[in-house]
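Working notes, beginning with the structure itself.
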Amino acid sequence: MKVLVTGGAGFIASHIVDAYVERGHSVTVVDNLSTGQRENVNRRAELIVADLRDPRTADMLRGRRFDILNHHAAQIDVRVSVADPAADAELNIVATLRLVQALVTSGVKKIVFASSGGAIYGDPVRVPQSEEHPTAPISPYGCAKLAIDQYLHYYRAVHGVPSVSLRYGNVYGPRQRKDGEAGVVAIFAGAMLEGQQPQINGSGEQTRDYVFVEDVVRANMAATDLDITGPYNVGTGIETSVNALYAALCKVIGITKPAVHAPAKPGEQMRSILDASRLWRAAKLQPPVALSEGLQQTVDWMRSVAVR
């Protein structure tokens with residue numbers, strides 16, 4: 001198949017590109033390289049450096065006639081979305097719709113969308129949060145992801161284009177940067193490895209569902225291959241506090257330093273834990289990678305990069 005992966009030079013999507021290439025598909029990556037890196041892109045994939053906010057990009061892609069759109073390009077920082085909701089919406093809503101409309105009109109056969117579990121559901125009414133949990137985002141980022149989930153329902157219902165929204169937990173793993181892509185695991189581990197003291201926002205009792213990038217790749221391949229549509233959570237079902245994550249990283253890296261706390265950030269929810277059993281049952285996926293194992297692989301990769 002001809003597959004288009006947006007944001008494919010970034011942390012998560014570059015791993016997805018690798019998986020598509022390994023399956024023998026013809027893969028094109030579109031990335032503006034604002035946070036992604038050329039060296040992440042598989043050499044057997046085509047890289048187009050372009051910005052989806054430019055209408056000419058969607059026009060150009062329309063003529064390529066892709067079978068699959070895997071859409072990961074996004075503004076991913078919740079704090080940036082809180083500071084400038086309109087700028088967040090320009091990429092996460094408007095540019096996404098322009099791209100989807102262009103590919104629908106050129107005959108795309110399926111869309112896989114990188115959505116968000118924690119940001120869409122908001123603070124839980126019940127745990128773990130299944131796909132039927134009420135959606136109550138408390139950040140513009142979450143609002144934008146939910147909007148695209150609903151637009152994709154429109155394209156399924158009216159245009160007959162199958163789509164899957166994968167609602168991720170907190171993804172971590174190799175290739176995640178401590179700056180541009182701002183994952184807490186990468187931020188904390190990067191600081192620790194450089195002998196610095198990472199800062200925990202708020203009490204540290206806020207919780208997340210940390211899911212290793214290999215499990216996210218498996219979810220994307222299942223969403224591509226299976227006859228499924230609609231939203232599916234991608235997580236572990238295990239709730240981990242930031243304080244517990246910090247302690248786990250200290251153990252993996254081999255340091256003993258007490259945590260330093262800073263004021264809580266606006267728009268940050270307190271709890272998030274995803275029930276991902278719907279996808280795991282449908283795809284017969286293996287159990288998710290344990291946090292201790294995933295952190296070890298992540299730290300090993302960060303150390304290997306540091307000595308290159």
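Quick note: residue numbers are just sequence positions, from 1. The structure displayed is predicted, hence computed values, not measured ones.
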| task | Evaluate the salt bridge (Lys or Arg N to Asp or Glu O under 4.0 Å) criterion for residues Arg98 and Glu90: first the C-alpha distance (whole Å), next the side-chain angles of each, then the deciding distance (0.1 Å), finally the verdict. | result | CA-CA 10 Å; Arg98 188 182 294 120; Glu90 285 177 4; over 6 Å; no
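- Aromatic ring centres of Tyr154 and His159 lie closer together than 6.0 Å.
- One finds the CG atom of Asp215 at 10.5 Å from the CG atom of Leu279 (value rounded to the nearest 0.5 Å).
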| message | Could you walk me through whether Val3 and Asp67 satisfy the side-chain contact (heavy atoms from CB on, under 4.5 Å) test, starting with their C-alpha distance in whole Å, then the side-chain angles of each, then the deciding distance to 0.1 Å, before giving a yes or no? | response | CA-CA 6 Å; Val3 181; Asp67 298 303; over 6 Å; no
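- Ile93 and Leu69 end up in the same hydrophobic cluster when Ile, Leu, Val, Met, Phe, Trp and Tyr side chains are linked at under 4.5 Å.
- Listed here is the closest heavy atom pair of Ser81 and Ser139: OG-CB, 4.2 Å.
- In this structure, OG on Ser14 lies 9.0 Å from CD on Gln37, to the nearest 0.5 angstrom.
- The pair Arg271-Asp123 fails the salt-bridge criterion, with no side-chain N (NZ, NE, NH1 or NH2) lying under 4.0 Å from an Asp/Glu carboxylate O.
- Proximity of Gln101 to Arg62: side-chain heavy atoms (C-beta onward) are nowhere separated by under 4.5 Å.
- Across all non-hydrogen atoms, the minimal contact from Pro134 to Val125 is CG-CG2, 4.4 Å.
- Summarising the geometry of Ala186 relative to Met302, their closest heavy-atom pair is O-CE, 3.7 Å, with the distance given to 0.1 Å.
- Closest of all the heavy-atom pairs between Ala9 and Asn40 is O-ND2, 3.0 Å.
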| message | Run Val108 and Val161 through side-chain contact (heavy atoms from CB on, under 4.5 Å) and show every step you take. | response | CA-CA 8 Å; Val108 71; Val161 178; 4.1 Å; yes
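- The CG atom of Leu166 sits 8.0 Å away from the CD1 atom of Ile16 when rounded to the nearest 0.5 Å.
- No side-chain N or O of Ser241 forms a donor-acceptor pair with one of Glu205 less than 3.5 Å apart.
- For the 3.5 Å distance criterion, the side chains of Asp209 and Tyr168 fail to qualify, holding no donor opposite an acceptor.
- Once rounded to the nearest 0.5 Å, the distance linking CG of Leu245 with CD of Gln206 reads 10.5 Å.
- Of the possible donor and acceptor atoms, one in the side chain of His15 sits under 3.5 Å from a partner among the backbone N and O of Pro174.
- More than 12 non-hydrogen atoms from other residues, nucleotides or ligands lie less than 6.0 angstrom from CZ of Arg126.
- A salt bridge does not link Glu46 with Lys2: every distance from a Lys NZ or Arg NE/NH1/NH2 to an Asp or Glu carboxylate oxygen is 4.0 Å or more.
- The shortest side-chain heavy-atom distance between Val82 and Pro140 falls under the 4.5 Å cut-off.
- Tyr155 and Leu97 get closest at one heavy-atom pair: OH-O, 4.3 Å.
- No more than 12 heavy atoms of other residues, nucleotides or ligands shown are found within 6.0 angstrom of NE2 on His153.
- Between Asp59 and Arg56, none of the side-chain N atoms (NZ, or NE/NH1/NH2) sits under 4.0 Å from a carboxylate O, so this pair counts as no salt bridge.
- There is no side-chain donor-acceptor pair under 3.5 Å between Ser116 and Tyr121.
- Side-chain atoms of His72 never come within 3.5 Å of backbone atoms of Gly7 as a donor-acceptor pair (strictly under, hydrogens ignored).
- A donor-acceptor contact closer than 3.5 angstrom links the side chains of Arg156 and Ser163.
- The closest side-chain donor-acceptor pair between Thr6 and His71 falls under 3.5 angstrom.
- Of all heavy-atom pairs spanning Ser165 and Ser115, the tightest one is CB-CB, 4.3 Å.
- Using a 4.0 Å cut-off between a side-chain N of Lys or Arg and a carboxylate O of Asp or Glu, Glu131 and Arg167 do not qualify as a salt bridge.
- Between the side chains of Asn70 and Tyr20, at least one donor-acceptor pair of N or O atoms lies under 3.5 Å.
- Distance alone, capped at 3.5 Å, places no donor-acceptor pair between the Gln196 side chain and the Phe188 backbone.
- For the pair Leu52/Asp54, no side-chain contact is recorded, criterion being any heavy-atom separation below 4.5 Å from C-beta on.
- Leu47 and Ile12 fall within the same hydrophobic cluster, defined by Ile, Leu, Val, Met, Phe, Trp and Tyr side-chain heavy atoms under 4.5 Å apart, directly or through other members.
- Note on Val30: it does not cluster hydrophobically with Val27, by side-chain heavy-atom contacts below 4.5 Å among ILVMFWY residues.
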| message | salt bridge (Lys or Arg N to Asp or Glu O under 4.0 Å) for Asp31 and Arg38? Distances and angles first, verdict last. | response | CA-CA 9 Å; Asp31 199 301; Arg38 286 180 184 271; over 6 Å; no
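- Of the N and O atoms on the side chains of Asp275 and Asn233, not one donor lies less than 3.5 Å from an acceptor on the other residue.
- Residues Val260 and Ile200 are not in side-chain contact: their nearest non-hydrogen atoms beyond the backbone lie 4.5 Å or more apart.
- In terms of modelled atom types and a separation under 3.5 Å, the side chain of Lys257 and the main chain of Cys250 share no donor-acceptor contact.
- Screening Val164, Thr96, Ile111 for a side chain to side chain contact (heavy atoms under 4.5 Å, CB included) involving Leu152 leaves a single residue, Ile111.
- Here the side chain of His261 pairs no donor or acceptor atom with the backbone of Gln199 at under 3.5 angstrom.
- Distance check, rounded to the nearest 0.5 Å: CZ of Phe66 to OG1 of Thr28 gives 4.0 Å.
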| said: Working note: Met60 + Ile48, criterion side-chain contact (heavy atoms from CB on, under 4.5 Å); need CA distance, chi angles, decisive distance, verdict. | reply: CA-CA 11 Å; Met60 176 267 294; Ile48 298 174; 3.8 Å; yes
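- The aromatic rings of Tyr172 and Phe212 sit tilted, their planes meeting at an angle between 30° and 60°.
- Connection of Leu274 to Ile238 is not established within any shared hydrophobic cluster, with ILVMFWY side chains joined at heavy-atom distances below 4.5 Å, either directly or through further cluster members.
- The backbone N or O of Pro288 lies less than 3.5 Å from no partner atom in the side chain of Glu214, so there is not a single donor-acceptor pair.
- Between Lys109 and Pro162 the shortest side-chain heavy-atom distance does not fall below 4.5 Å.
- Remark: the backbone N or O of Asp51 is paired with a side-chain donor or acceptor of Thr57 at under 3.5 angstrom.
- Looking at Arg303 and Leu193, their side chains come closer than 4.5 Å, going by heavy atoms from C-beta outward.
- Rounding to the nearest 0.5 Å places CD of Glu194 at 12.5 Å from CE of Met192.
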| query | Does the side-chain contact (heavy atoms from CB on, under 4.5 Å) test come out yes or no for Asn92 and Ile148, once each step is laid out? | reply | CA-CA 8 Å; Asn92 288 352; Ile148 297 303; over 6 Å; no
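- In this structure, Gln176 contributes its side chain and Val171 its backbone to a donor-acceptor pair below 3.5 Å.
- Under the 6.0 Å distance and 45° angle rule, Arg175 does not count as a cation-pi partner of Phe11.
- Within the 3.5 Å criterion, the main-chain N or O of Ser203 finds a donor-acceptor partner in the side chain of Asn243.
- Using a 4.5 Å heavy-atom cutoff, the side chains of Arg65 and Leu103 are not in contact.
- In this structure the side chain of Gln75 reaches within 4.5 angstrom of the side chain of Asp77, judged on heavy atoms.
- Hydrophobic cluster membership differs between Tyr151 and Val112, with clusters built from Ile, Leu, Val, Met, Phe, Trp and Tyr side chains linked at under 4.5 angstrom.
- Within the 3.5 Å criterion, the main-chain N or O of Ala264 finds no donor-acceptor partner in the side chain of Asn201.
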